[in-house]
Amino acid sequence: MSINTSPYNSYTSGSPNGWNANNDSWRATTSVVIGVASILAGWLFVAPLIGIWFGVKSKKLEPYARHRANWGIGLNLLAIFGWFIVVIVGLATGVLFSVIF
C-alpha cells in the first residue's frame with residue numbers, strides 16, 4: 001500500500017490546495033439557473049431549450065461540472081414537460097376546468 005505524498009491533489013489537474021485555475025463552469029451554472037427560473041416563472045419552451053443546450057455543451061466542454069450540468073438538463077426538461085403534465089392531469093380530473101371557469 002502506497003501513500004500519496006504529493007502536495008498536488010489528483011482531482012484538481014495538478015493544482016495545489018484543491019484550487020483549479022481552469023474551473024470555468026459557467027455553462028453548467030447557467031443551465032441550472034435557467035432551469036430553476038423556468039420552473040418558477042412558468043417559461044415553457046424557449047428558455048428551457050437554451051438551458052438544455054447549455055447543459056449539453058457543459059457536459060462536453062466541462063467534465064468536472066458534469067453533475068451540475070445533469071441537474072440543469074433535468075430541471076429544464078421538468079420545466080418543459082412538467083407544466084404539460086400538470087395541465088393534462090388537471091383537465092383529466094376536472095380540477096383545472098373548475099379553477100378556470
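The figures here come from the full heavy-atom set of this structure, side chains too, leaving out hydrogens, waters and symmetry mates. All values reported here derive from a predicted model rather than from experimental measurement.
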When rounded to the nearest 0.5 angstrom, what is the spacing between CZ in Phe54 and CG in Asn76? 10.5 Å
Please collect all salt bridge (Lys or Arg N to Asp or Glu O under 4.0 Å) contacts where either partner lies in residues 29-50, sequence neighbours excluded, each pair once. none
Kindly list each side-chain donor-acceptor pair under 3.5 angstrom involving residues 29-52, sequence neighbours excluded, with atom names and distances?
| from | atom 1 | to | atom 2 | distance (Å) |
| --- | --- | --- | --- | --- |
| Thr29 | OG1 | Ser25 | O | 3.2 |
| Thr29 | OG1 | Arg68 | NH1 | 2.7 |
| Thr30 | OG1 | Trp26 | O | 2.6 |
| Ser31 | OG | Gly51 | O | 2.9 |
| Ser38 | OG | Ile34 | O | 2.7 |

List for me each residue that meets side-chain hydrogen bond (donor to acceptor under 3.5 Å, both in side chains) alongside Trp53, sequence neighbours excluded, and say none if there are none. none
Give me each pair satisfying salt bridge (Lys or Arg N to Asp or Glu O under 4.0 Å) with a member in residues 52-65, each pair once, sequence neighbours excluded. Arg27-Glu62
Scan residues 29-55 for pairs that pass salt bridge (Lys or Arg N to Asp or Glu O under 4.0 Å), counting only residues two or more places apart or in two chains. none
